[in-house]
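For the numbers below, each heavy atom of this structure counts, side chains included, while hydrogens, waters and symmetry mates do not. Positions are given from 1, in the same order as the sequence printed here.
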Amino acid sequence: VQLQASGGGLVQPGGSLTLSCAASEDFLDYKTVGWFRRAPGKEREWVSFIKATDSSTYYTDSAKGRFTISRDRAKNTVYLRMNSLQPEDTAVYFCAASNSYYSVNTYYQDEKTYAWWGQGTQVTVSS
């Protein structure tokens, strides 16, 4: 099974992008999907996730109010809409899927929770 992350690109500060994470058939059903990013010279960090159980959404502090994660079950795709992008958002963005169920949401901030990963898509915010 492959996750396909796409939608990255070059955007000016203040601009927007929508990333997509697609998978075959109904693979993303009943899975929590997360977005992570790796900025130049930094470790990969969690950005957002949408839970399998109730589609509740969670964001890191830097993403709150600017990013929106959503799921289209018919298209078997999860999106990350990113608004008001800033140079510090420059990174390779990865989507990942987990079939683990936790009542404590912090587990979903840990990349070890996710068994399936997309290949990453580059987001560059620069004027």
Participant: How are the rings of W117 and Y114 set to each other: parallel, tilted or perpendicular (split at 30° and 60°)?
Facilitator: perpendicular

Participant: Would you say Y58's side chain and T106's backbone share a donor-acceptor pair under 3.5 angstrom?
Facilitator: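 No, Y58 side chain to T106 backbone: no donor-acceptor pair under 3.5 Å.
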
Participant: Return the set of residues passing side-chain contact (heavy atoms from CB on, under 4.5 Å) with Y30 (not counting sequence neighbours), or none when no residue passes.
Facilitator: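 By the side-chain contact (heavy atoms from CB on, under 4.5 Å) rule, Y30 matches Y101.
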
Participant: Ignoring hydrogens and geometry, is there a side-chain-to-backbone donor-acceptor pair from N76 to S24 under 3.5 Å?
Facilitator: yes

Participant: Give every residue pair that meets the salt bridge (charged side-chain N to carboxylate O under 4.0 Å, His left out) criterion with at least one member in residues 115-127, sequence neighbours excluded.
Facilitator: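 Salt bridge (charged side-chain N to carboxylate O under 4.0 Å, His left out) check on residues 115-127 returns no pairs.
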
Participant: Is there a donor-acceptor pair under 3.5 Å between the side chain of D72 and the backbone N or O of K75?
Facilitator: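 Yes, D72 side chain to K75 backbone: donor-acceptor pair under 3.5 Å.
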
Participant: With R81, which residues qualify under salt bridge (Lys or Arg N to Asp or Glu O under 4.0 Å), at least two apart?
Facilitator: none

Participant: Closest approach of L3 and Q119, non-hydrogen atoms and distance?
Facilitator: O-OE1, 3.4 Å

Participant: State whether the side chain of T113 and the backbone N or O of Y107 hold a donor-acceptor pair below 3.5 Å, judged by distance alone.
Facilitator: yes

Participant: Can you give me the closest heavy-atom contact between F36 and Q109, atom names plus distance?
Facilitator: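 Reported closest heavy-atom pair: CE2-O, 3.7 Å.
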
Participant: Can you give me the closest heavy-atom contact between I69 and T57, atom names plus distance?
Facilitator: CG2-CG2, 3.4 Å

Participant: Looking at S55 and R71, what are the two nearest heavy atoms and their distance?
Facilitator: OG-NE, 3.9 Å

Participant: Taking only residues two or more places apart in sequence or in another chain, which ones pass ring pair (Phe, Tyr, Trp, His ring centres under 6.0 Å) with Y93?
Facilitator: none

Participant: Restricting to non-hydrogen atoms, name the atom on S20 and the atom on W35 that form the minimum distance, rounded to 0.1 Å.
Facilitator: O-CH2, 3.6 Å

Participant: Scan for disulfide (SG to SG under 2.5 Å) pairs involving residues 46-127, sequence neighbours excluded, and state none if there are none.
Facilitator: C21-C95

Participant: Please indicate whether E88 has more than 12 foreign heavy atoms, meaning atoms of other residues, nucleotides or ligands, lying under 6.0 Å from its CD.
Facilitator: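 Yes - once you tally the heavy atoms of other residues, nucleotides and ligands closer than 6.0 Å, there are more than 12.
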
Participant: Can you check whether P13's main-chain N or O pairs, donor with acceptor, with Q86's side chain at less than 3.5 Å?
Facilitator: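 Pair absent, no side-chain N/O of Q86 close to backbone of P13.
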
Participant: Would you say the side chain of R66 lies within less than 4.5 Å of the side chain of M82, judging by non-hydrogen atoms?
Facilitator: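 No - every pair of side-chain heavy atoms lies 4.5 Å or more apart.
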
Participant: Looking at residues at least two apart in the chain, or sitting in another chain, which of them share a side chain to side chain donor-acceptor pair (under 3.5 Å) with S16?
Facilitator: N83

